[in-house]
Amino acid sequence: MFSGTKFVLNLVFIRGFSGSLHLVLLFGLFISCLCKKFRLIHGRGGSKERFIKETKSLYYKQTFICCLGLSVFNLVLCIVNYFYWYSNDWSEENVVTLLDSALRTLAWGAVSVYLHTQLPTAESKFPFLLRVWWISYFFICCYCFVIDIVLYLKQVALPIQSSVSDSVSLLTGLFFIYVGFFGKQDGENTLLSKPLLNGCYSIIEDAEPNKSKGNATVTPFSSAGIFSVLTFSWIGPLIAVGNKKTLDLEDVPQLDTGNSVVGAFPTFRNKLESDCGTISEVTTFKLVKALIFTAWKEIALTALFALVYSVASYVGPYLIDTFVQYLNGQQEFENEGCILVSTFFVAKIVECLAQRQWSFRVQQFGVRIRAVLVAVIYNKGLTLSCQSKQEHTSGEIINIMTIDAERIGDFSWYMHDPWLVLVQVALALLILYRSLGLAAISAFIATVLVMLANLPLGKWQEDFQDKLMESKDRRMKATSEILRNMRILKFQGWEIKFLSKIVELRKSESGWLKKFVYTKAIASFVLWGAPTFVSVATFGTCMLLRIPLESGKVLSALATFRILQEPIYNLPDTISMIAQTKVSLDRISSFLRLDDLQSDVVQKLPRGSSHTAVEIIGGNFSWDLSCPNPTLKNINVEVFHGMRVAICGTVGSGKSSLLSCILGEVPKLSGTLKLCGTKAYVAQSPWIQSGTIEENILFGKDMDIETYDRVLEACALKKDLAILPYGDHTVIGERGINLSGGQRQRIQIARALYQDADIYLFDDPFSAVDAHTGSHIFKECLLDFSSFKTVIYVTHQVEFLPAADLILVMNDGKITQAGKYNDILNSGTDFMELVGAHRKALSTLSSAEAGPNENINISDKEEDLASRNGVMGKEENRDVQEGKTDDVLGPKGQLVQEEEREKGKVGFSVYWKYITTASGGAFVPFILLSQVLFQLLQIGSNYWMAWAAPVSDDVDPFASTDQSVVDLDIPYRVGAVAFYIIQILSIIALLSQVAWQIFIICIPVIVASVWYEQYYIPSARELSRLVGVCKAPVIQHFAETISGSTTIRSFDQESRFQDTNMKLMDAYSRPKFNIAGAIEWLCFRLDMLSSITFAFSLVFFISIPKGVIDPGIAGLAVTYGLSLNMLQVWIIWNFCTMENKIISVERMFQYTSIPSEPPLVIESSRPDHSWPSHGEVEIYNLQVRYAPDMPLVLRGLTCIFPGGMKTGIVGRTGSGKTTLIQTLFRIVEPAAGLITIDGLNVSSIGLHDLRSRLIIIPQDPTMFEGTVRSNLDPLEEYTDEQIWVALDKCQLGDEVRKKEGKLDSIVTENGENWSMGQRQLVCLGRVLLKKSKVLVLDEATASVDTSTDNLIQQTLRQHFYDCTVITIAHRITSILDSDIIVLLSHGLIEEYDSPSRLLENKSSSFAQLVAEYTMRSSSSSE
């Protein structure tokens, strides 16, 4: 009986039996896999569809992790036992125990692989083999644990490793019994339609209804359990998807309500309004208060995690002295070493969990804060008054949204640092006081001195940051203005001048950036030297006070300094970030305090409550409230429902201001303005959104096919849509860049009509369209489609006035005449001047139709070209009308493409280009050398301290948005990666010097770390790229909203645009949120691996016999090992962040590699200074398309514009007139054919040489922010006297003289404080200053009245009588005195001849166009 009991209690039997059972399990798994593979190959081959019950245990992941953990645990145990027994005598019991650990490692590793490859399966529970094994394993565990207790009661000494192993085994056995027999499963029917691959079938992880698609599924974080939250397993499926394929936005889950701006913004807004009353009274303090209130729970929770992390990080330094004494043989109690190791390990685990949760949740907080700030800035931008807009340009506002809001979101990383550094210093001082006594006071004083030294540096950084942001604003404002008007700059040949302006602004910005960076470098120098300074002060005090410096106490102090150095190192960044964030908060609160539109300008009456649609009584309105002269004076108007009201007057008389007044855009000084009914507005400058034509027309309303077709017909858009490659689904570029002016105008008219409003406001809608289209629009849109609506329209075309029920004549901001056409015709001079000018133009037209005054001689060559082009044009035009365009159109493609997104790994070339951009990378070796020296000297000094200090024999019982990123972020990331790599290599070298055996565990840990990083980085990289791709629509939508805010408000669409902004912001936040989760997923796992390495090192140190390793040096290794997990995480984190951030560099290189225009100057091919001397333009077989995959716009033009003569170009809207002019200036390069001027091929010379020799008044009159002088003479080539002469000639001299600053009068962004007609006159002034032999007029007088048009034409005839003048005009009278008429149709020359000859042929298209214009105009003058 006794011998049997003894046998049962024998450890050799127990371990041998356990190992045998694990070997049986290995054999069983092997046979099971073989059988399954055999059945799949021979029994179920081929592709097969079937329904199965897809079931996944709720504890599948936990089971897998538990099995894998057991394998790793037994591996560590095996290695520890091997080294422990290696230095002692081997025994039979030791050998069997070692074999048992090895077999356990293999068996549980095999189970992990089995679970990973075979589950989830179609079974309803875990496989039978596993469940049988788990029962057996549980009984073995219980048996071993009972034996341990019996032996303990018999006072038999057991190795601590054996007790720990049996305890862990029992706990895991209980878990396996639960999941194998009591764990719940969930399942659903799934159709498997994938073929069997390599003998294995693949199961769809999620059935169709529950696919984790970003557009349908909320982030798993919202419903994750505590284990998933702690380990970040909820992000695992997204990382797995990213590892298999390139992530797209639809793969990224939606944010839950708590993290979405839709859920967070109302709370923020309500708090802000409750504190401030209105947004306009917000202060920086109240803004911060509202932000804190929005996420106070997250702030409190992260503060708790930060505190726990700080306390846990100081457990190691606190225990190092005790650990060194233990290694020296000073053992206080039994198993002290194991308890110390356990304490170290548990503290590391707690530190890891707290740090990871802290890090993730501050990023979560940052995402939310950034989103609500963007929302409030966007909403404010929608309500800004005109004067506020003039104070802050769109570039500045976009800067506030993109940079300042982003920076405040990033501050979440640093928000706990100010108080946390105090906590960490206090903990450090307590530990130092325990170790070194009163010397801790020196450490405290030294630390305070270091912090005080940063106060002036922090103030300087704040000042420099303020200046940096101001200079960045100026550069961004100038850049956005230049990009917006790039076509005008190219037309005028001003690229070099404006490029130099950008360069100068960037130099100014770089100057402040250097000052900021240098100040930060000084602060870093002070604080990086702080640990050494504190160490010297502390140990020096110990020497003065004769406090013994024992190795344990020294190492405890060094470990404390090492952990304290992290917050001290980060202090410069924290101070810098506080300074930057304060500047950003001040800028945002200042922006929010800007004046809004007056809310009481318009008194809105309920729909149908009044017969009056619009009523103004005694109205005085002014754009500038500080100006003594109101914009509109004593306005009295009453408009009834159903009336058509026309507004006319000379340039600058206040016509557009009156419409803006009705919309409520102009501040009211006095009077009453009432409005009854919904309204729709058509601006003088078309505002088109990026998107499809259909989206622009619907403008948020649901599709009604019948109404939509009627609108297209009324706006004459059907023919245009038939030509466009994708019809109404053609994507329009920013501001409608790929449409003609007439098409843009008609699209916004269609947008207004589709809204079915009660009141329509049209601001000169006919100026950008030809005569035929204008007549069609007037009849179909204003008369028929809106026959029962109230229509108020501004027009310069007198022929559209007789149809009005009421005509308002404006002059100098007053209504000088009001009534019907015939009633006011003879009642005042203002209207008579307009009608008289119109009749004068008609008389010219009549005389031209009656017969030519003189015959224009056309050379034989020109006549041949005219004849040939006329025939070709008509034949091909018929083909176009009949749809026979054949292949000439080429392949169809969208002109506007989505932003290109790089995919895959960021290439080394990007890093190399970045590193070598500055001085060819010459400074890189010196930077690396300095980092290496810093680390070597620091370790060397600590090594000497540990070696030189004695080990105490006494035991003391009491006894760690793209340019802005490139400027301020990437350099520090690159430096951090290099620095931390050098640090960790130094620590590894130190550990290897102490005990090379540690590498046995280091190698698999490093391999696992690299594998995790490689598994993670594809998802992180693509998520970062998605951030960049999703950010662009937010900025673009904001910019479009700012420019079109008047139109948006006029349609009462503010709420829809605010919702769109929130959706775009959430789309931007989704990848940001998941990036935060993904990086913490990686860091948590790396932390665990580092903690295992550290624990293994500690176990090794307590296991080796005394005297093998010097306790002081071992303690130094532990001191550095405490930061091993932090360094490994920081390396991977900084590397991944660097790769994420380097995408900004990649995007910049991507933009710089976009094919540029040909050179501005070709030195080998420069024209003579006198070129062009004659100005003859010859065009041969000219073919033009806007992109390689787009159809031809000009389809083989051949003609001559004779030198010194006037050529008029006419044609329907979209016929190619403006494209021809763009090709002449080489804004668009020909696909085939050529253009010569005086025999010189324009494609053979530099762009600047070409454009600077031509002059143009473009279709879109553009003014730049600055002064009147800088707009007329940006190159500073002319005297003030010459400028005044030009202003007088273009009818603007008197207007400018009225202004206080005269030539230095301010011009706001886009020339918003000048009317459209005045802007066109400024463009005329530019060409009068810059004389050239070739003048192009592209709808130069479309926005001026007939009287001003006649004066302009007279001025041009006087000053350019000997020049080649090429005129595009929709007013027939503007081109009737031309020598040659070119009529374009669908990109072909349909007619080419003198006006007289074309008019003689009554069947010619030109004659029909003139007849139509004459008929329309004559009706108004009868």
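Along the sequence shown, the residues carry numbers beginning at 1. The shown structure was predicted, so the numbers you read here are calculated from the model rather than taken from an experiment.
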I732 side, atom CD1; N696 side, atom CG - distance, nearest 0.5 Å: 4.5 Å
Partners passing side chain to side chain contact (heavy atoms under 4.5 Å, CB included) against V602 (at least two apart in sequence or in another chain): K604, L673, L675
Atom of A683, atom of Q745 and distance for their closest heavy-atom approach: O-OE1, 3.6 Å
Derivation and outcome, side chain to side chain contact (heavy atoms under 4.5 Å, CB included), residues V601 and F621: CA-CA 9 Å; V601 172; F621 304 86; 4.2 Å; yes
Is the closest side-chain heavy-atom distance between L761 and L663 below 4.5 Å? yes
Mind listing the closest non-hydrogen atom pair of V682 and Q748 along with its distance? CG1-NE2, 3.3 Å
Any idea which heavy atoms bring I616 and I635 closest together, and the distance? CG2-O, 3.4 Å
Rounded to the nearest 0.5 Å, the OG1 atom of T1047 sits from the CZ atom of F1057 at a distance of 9.0 Å
Parallel, tilted or perpendicular: which one describes the rings of F268 and F265, with boundaries at 30° and 60°? tilted
In terms of side-chain geometry, is the basic nitrogen of D758 or R607 positioned less than 4.0 Å from the acidic oxygen of its partner? yes
Cation-pi between R1056 and F699: NZ/CZ under 6.0 Å from ring centre and within 45° of the ring axis? yes
Is the backbone of G819 close enough, under 3.5 Å, to the side chain of D823 for a donor and an acceptor to pair up by distance? no
Among residues at least two apart in sequence or on other chains, which ones pass side chain to side chain contact (heavy atoms under 4.5 Å, CB included) with K814? K633
Backbone N or O of L594 within a donor-acceptor pair of the K380 side chain at under 3.5 Å? yes
Step by step, work out the side chain to side chain donor-acceptor pair (under 3.5 Å) result for T284 and S589. CA-CA 6 Å; T284 302; S589 59; 2.9 Å; yes
Side-chain ion pair, K286 and E281, N-O less than 4.0 Å: no
Are Y708 and E694 close enough that some pair of their side-chain heavy atoms sits under 4.5 Å apart? yes
I need the D404 CG to S584 OG distance, nearest 0.5 Å. 3.5 Å
Backbone N or O of A680 within a donor-acceptor pair of the Q755 side chain at under 3.5 Å? no
Are more than 12 heavy atoms from other residues, nucleotides or ligands located less than 6.0 Å from atom NZ of K820? no
Decide, yes or no, whether a salt bridge links D756 with K789 under the criterion of side-chain N to carboxylate O below 4.0 Å. yes
So, K655 and D764, do they make that salt bridge, N to O below 4.0 Å? no
Heavy-atom side-chain contact between C715 and L753 under 4.5 Å: yes
For S690, which of E695, Q1036, H1037 qualifies under side-chain hydrogen bond (donor to acceptor under 3.5 Å, both in side chains)? Q1036
Are any non-hydrogen side-chain atoms of F800 and L783 less than 4.5 angstrom apart? no
Between C648 and L801, is any pair of side-chain heavy atoms under 4.5 Å apart? yes
Would you check, one step at a time, whether the test side chain to side chain donor-acceptor pair (under 3.5 Å) holds for S670 with N620? CA-CA 5 Å; S670 61; N620 290 279; 3.0 Å; yes
So, do V1322 and V1307 sit near enough that their side-chain heavy atoms are less than 4.5 Å apart? no
Backbone N/O of G642 and side chain of T790: donor-acceptor pair under 3.5 Å: yes
Residues T1262, R1319; criterion side chain to side chain contact (heavy atoms under 4.5 Å, CB included); working and verdict: CA-CA 7 Å; T1262 300; R1319 282 179 246 169; over 6 Å; no
Side chains of L291 and L585: closer than 4.5 Å at any heavy-atom pair? yes
How about R746 and Q743: does a side-chain donor come under 3.5 Å of a side-chain acceptor? no
Are R1297 and D1294 close enough for a salt bridge, meaning some N to O gap below 4.0 Å? yes
Does the side chain of S657 pick up a donor-acceptor pair with the side chain of S660 at under 3.5 Å? no
Are the side chains of L384 and I397 in touch, meaning some heavy atoms are under 4.5 Å apart? yes
Rounding to 0.5 Å, atoms SG (C676) and CZ (F640) come to a distance of 12.5 Å
Using the ring of W623 (Phe, Tyr or Trp, six-membered ring only), decide whether K668 places NZ or CZ under 6.0 Å from its centre and within 45 degrees of its axis. no
After noting the C-alpha distance and the side-chain angles of V809 and I815, does the key distance pass the side chain to side chain contact (heavy atoms under 4.5 Å, CB included) rule? CA-CA 6 Å; V809 184; I815 299 177; over 6 Å; no
Say whether, by atom type as modelled, one donor and one acceptor occur between the side chain of S610 and the main chain of T612 under 3.5 angstrom. yes
Smallest separation among heavy atoms of S622 and N629, with atom names: OG-O, 4.4 Å
Could you state the interatomic distance from CG (D763) to OG (S685), rounded to the nearest 0.5 Å? 8.5 Å
Could you tell me which non-hydrogen atom of L1303 sits nearest to which non-hydrogen atom of V1296, and how far apart they are? N-CG1, 4.2 Å
Between the side chain of N811 and the main-chain N/O of G649, is any donor-acceptor distance below 3.5 Å? no
Establish, from distance only, whether the side-chain atoms of T1041 and Y378 form a donor-acceptor pair under 3.5 Å. yes
Rounded distance [0.5 Å steps], CZ in F1038 versus CD1 in I398: 7.0 Å
Between S385 and D595, do the side chains contain a donor N or O and an acceptor N or O under 3.5 Å apart? no
Is any side-chain N of the basic residue among K271 and D275 closer than 4.0 Å to the acidic one's carboxylate O? yes
Distance alone, cut at 3.5 Å: any donor-acceptor contact between the side chains of N1061 and D1059? no
Might you point out which heavy atoms bring E1054 and I1048 nearest each other, and give the distance in Å? N-CG2, 4.0 Å
Before giving the answer on side chain to side chain contact (heavy atoms under 4.5 Å, CB included), spell out for L382 and I1042 the whole-Å C-alpha distance, their side-chain angles and the decisive distance to 0.1 Å. CA-CA 7 Å; L382 264 177; I1042 294 297; over 6 Å; no
